[in-house]
Amino acid sequence: MQAGKLNKVIQILTPTTTINEYGEQVQSYKFKKETRASVDYAGGGREISNDEIVYSYNKDFKVRIYVDVVETDIIQYNNKKWRIISIEPIPEWQEKRIQTELINE
């Protein structure tokens, strides 16, 4: 991996589950790590889901191989949250390729 390509800053958020006063489990995300990444557009489109128009966008993030990230984490980039679909380590290039999709809130 070329260090000059890591030109974007991303935040990695990890899920935490708490129980509120009504006994419900509430899932929230807390800050885990901030790191630099290379961001590539991987596609997108418009689809209809449950009679609602949803815009689905995909991005690929490439980070150093030592970055601690798992499939249940969320990536925050440009004030948008991205769900991790897959993580593929590439040891030859000392990087991880993270495929994500935009979370529609």
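By convention here, the first residue in the shown sequence is residue 1.
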Q) Out of I103, I98, T35, which one pairs with I75 under the side chain to side chain contact (heavy atoms under 4.5 Å, CB included) rule? A) I98
Q | Minimum heavy-atom distance I74-R83, with the two atoms named | A | CD1-CA, 4.1 Å
Q. Going by heavy atoms in the side chains, are I10 and V63 under 4.5 Å from each other?
A. yes
Q | Qualifying side chain to side chain donor-acceptor pair (under 3.5 Å) pairs with a residue from residues 8-27, counting only residues at least two apart or across chains | A | Q11-E34, T14-D73, T16-S28, N20-E24
Q: Following the transitive rule for hydrophobic clusters with a side-chain heavy-atom cut-off under 4.5 Å over Ile, Leu, Val, Met, Phe, Trp and Tyr, establish whether F61 and I84 coincide in one cluster.
A: yes
**Q.** With sequence neighbours excluded, residues passing side chain to side chain donor-acceptor pair (under 3.5 Å) with T72
**A.** none
Q. Going by side-chain heavy atoms closer than 4.5 Å, which hydrophobic residues are tied to V9, directly or by a chain of links?
A. none
Q: Decide yes or no for W82 and L102: does some side-chain heavy atom of the first lie under 4.5 Å from some side-chain heavy atom of the second?
A: yes
Q) Do D68 and K32 have side chains that get closer than 4.5 Å, going by heavy atoms? A) yes
Show every donor-acceptor pair shorter than 3.5 Å between a side-chain atom in residues 40-60 and any protein atom, with sequence neighbours excluded, or say none if there are none.
from	atom 1	to	atom 2	distance (Å)
Y41	OH	G44	N	3.3
D60	OD2	R97	NH2	3.0

Q: Provide the closest heavy-atom pair for P89 versus I87 in the form atom of the first, atom of the second, distance.
A: CD-O, 3.7 Å
(Q) Is the shortest side-chain heavy-atom distance between K81 and L13 below 4.5 Å? (A) yes
Q: Decide if atom CZ of F31 counts as having more than 12 heavy atoms of other residues, nucleotides or ligands within a radius under 6.0 Å.
A: yes
Q: Could you work out the complete set of other residues in the hydrophobic cluster of V70, with links drawn between I, L, V, M, F, W and Y side chains under 4.5 Å apart?
A: none
(Q) Rounded to the nearest 0.5 Å, what separates atom NZ in K96 from atom OH in Y66? (A) 11.0 Å
**Q.** Listed partners of E88 passing side chain to side chain donor-acceptor pair (under 3.5 Å), at least two apart
**A.** none
